[in-house]
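Remarks on the structure that follows.
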Amino acid sequence: MAGHQTKTLTINTPEGIGFSLILAGPVVRFLAWLVDFLCIMALFSFAGKLISVLQIISQDFFTGFWVLFYFFLTLFYPIFLEWFWNGQTLGKRLFNLRVMDVQGLELQPGQVVIRNLLRAIDIMPAVYMAGGMASAWSAKGQRIGDMIANTIVIRTPTVDRPELSQIRPDKFNSFKSFPHLCARLRQKVPLGISQVALGAILRRNSMAPDARVEVFRQLAIYFKEIQPFPIEATEGLSDEQYLKNMVAILFSIE
């Protein structure tokens, strides 16, 4: 019996770095949505008890407010969480899913808003039939909202922490003097790129000298563009040491 084939997407950066992402399938996406739907219903039920006092003013006013509240809750719950949690809702966190830009770039607020506004089309005619059909047809597993917003949903499976003893900094990591930039770095860098950088560090001694220099130069260019650090933190660092500092931040190495 043939096994289920997992869809992957390979993204090549302008610096020539390639990394693969595991695309989320329609079943796990539906399960994540179901968790979020139950969360919304729980919030709706709790809030309903608080606003039931409006029935004293007018039953019609209470009904109208109730409908509007439900509409805004179902709309802004995913928008707020996907932006605040960098592409994740409670359901997506539970199933290790994340929304990201189709080119691996930083997810923008406009993309989050568009993909969730178009959810109204994806759910038609019932139970996400339009979105499910679009996702099955799309090579990137995109529902209609994802196609318009230029986003994808990926799986970020939990991996065992790698052996990092050989890449512990051999001197003070100047990047750690800027914790807010370190936090942004962890938020912006996809898991695939983190693993590429880690792999380069771990395999550096097996590379030919010219290849080693070029690999670290290209990776340093990528990281300097995705999250710049002040000159006082980077001055005098070779590309290899720059990358070691970056990997130490990404994997929280002391």
Side-chain angles (χ1 to χ4, degrees), residues 7-9 11 13 19-44 47 68-124 127-157 180-194 222 225-227 250:
K7 288 185 177 180
T8 60
L9 175 66
I11 296 177
T13 71
F19 59 96
S20 295
L21 302 171
I22 303 173
L23 297 172
V27 174
V28 70
R29 289 183 65 173
F30 176 78
L31 292 174
W33 170 83
L34 184 60
V35 170
D36 288 326
F37 177 75
L38 293 175
C39 290
I40 290 173
M41 289 298 98
L43 290 171
F44 187 60
L68 284 175
F69 178 76
Y70 175 77
F71 171 76
F72 282 107
L73 181 61
T74 55
L75 179 62
F76 286 105
Y77 167 90
I79 290 177
F80 174 77
L81 288 183
E82 284 184 3
W83 175 239
F84 182 75
W85 276 345
N86 192 28
Q88 289 187 307
T89 58
L90 288 170
K92 289 185 178 68
R93 277 203 164 193
L94 180 63
F95 288 96
N96 294 318
L97 306 182
R98 184 182 301 277
V99 181
M100 65 181 299
D101 179 85
V102 75
Q103 297 297 329
L105 304 175
E106 183 180 4
L107 190 64
Q108 298 298 314
Q111 292 176 293
V112 174
V113 172
I114 290 171
R115 74 181 304 273
N116 283 291
L117 285 177
L118 292 175
R119 195 180 298 275
I121 297 176
D122 281 300
I123 64 175
M124 295 173 58
V127 197
Y128 273 84
M129 185 174 293
M133 292 177 63
S135 178
W137 170 78
S138 170
K140 299 175 183 177
Q142 295 169 294
R143 62 176 176 82
I144 297 170
D146 289 315
M147 293 177 185
I148 303 300
N150 208 33
T151 56
I152 54 175
V153 180
I154 64 168
R155 287 175 51 201
T156 56
H180 62 294
L181 297 182
C182 293
R184 290 182 189 173
L185 178 72
R186 295 189 189 99
Q187 182 184 47
K188 290 180 178 180
V189 178
L191 176 63
I193 281 289
S194 299
Y222 173 82
E225 290 184 353
I226 200 171
Q227 181 54 67
L250 292 171

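No experiment lies behind these values; they were computed from the predicted model shown. Computed over heavy atoms, backbone and side chain alike; hydrogens, waters and symmetry mates excluded.
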* **side-chain contact (heavy atoms from CB on, under 4.5 Å) partner of I114, chosen from L118, N116, V112, L117** => L118
* Structure fact -> Here the gap from T74 atom OG1 to D36 atom CG, rounded to the nearest 0.5 Å, amounts to 12.0 Å
* Structure fact -> Heavy-atom closest pair (G141 atom, L23 atom, distance to 0.1 Å) is N-CD1, 4.5 Å
* Asked: Of the non-hydrogen atoms in K7 and A139, which two are nearest, and what is the gap between them?
  -> CD-O, 3.9 Å
* Asked: For the residue pair F95 and V35, what are the closest heavy atoms and their distance?
  -> CE1-CG2, 3.8 Å
* Structure fact -> CH2 (W33) and CG (L38) are apart, to the nearest 0.5 Å, by 8.5 Å
* Contact check, side chains of I152 and M100, non-hydrogen atoms, under 4.5 Å -> yes
* When rounded to the nearest 0.5 angstrom, what distance separates OG1 in T89 from CH2 in W83? -> 16.0 Å
* **Result of checking D122, I79, V153, I148 against R115 for side-chain contact (heavy atoms from CB on, under 4.5 Å)** => V153
* **Considering all heavy atoms, the nearest L97-A32 contact** => CD1-CB, 3.9 Å
* Structure fact -> Note: N150 and Q111 closest approach over all heavy atoms is O-NE2, 3.3 Å
* How many angstroms lie between NZ in K92 and CD in E82, if you round to the nearest 0.5 Å? -> 4.0 Å
* Between the main-chain N or O of L81 and the side-chain N or O of Q88, is there a donor-acceptor pair closer than 3.5 Å? -> no
* To do: Find the distance between CZ (R143) and CZ (R119) and round it off to the nearest 0.5 Å.
  => 4.5 Å
* Side-chain heavy-atom pair I154, R98 within 4.5 angstrom cut-off -> yes
* Would you please classify the geometry between the Y70 ring and the F44 ring as parallel, tilted or perpendicular, with 30° and 60° separating the classes? => perpendicular
* L250 and R186: which non-hydrogen atoms are nearest, and at how many Å? -> CD2-CA, 4.1 Å
* **Output field: ring centroids F80/F84 closer than 6.0 Å** => yes
* Asked: Nearest 0.5 Å, what's the CD1-CZ distance between I226 and R184?
  -> 13.0 Å
* Asked: Is the backbone N or O of W85 less than 3.5 Å from a side-chain atom of R93, with the two atoms forming a donor-acceptor pair by type?
  -> no
* Do other residues, nucleotides or ligands put more than 12 heavy atoms under 6.0 Å from the CE atom of M133? -> no
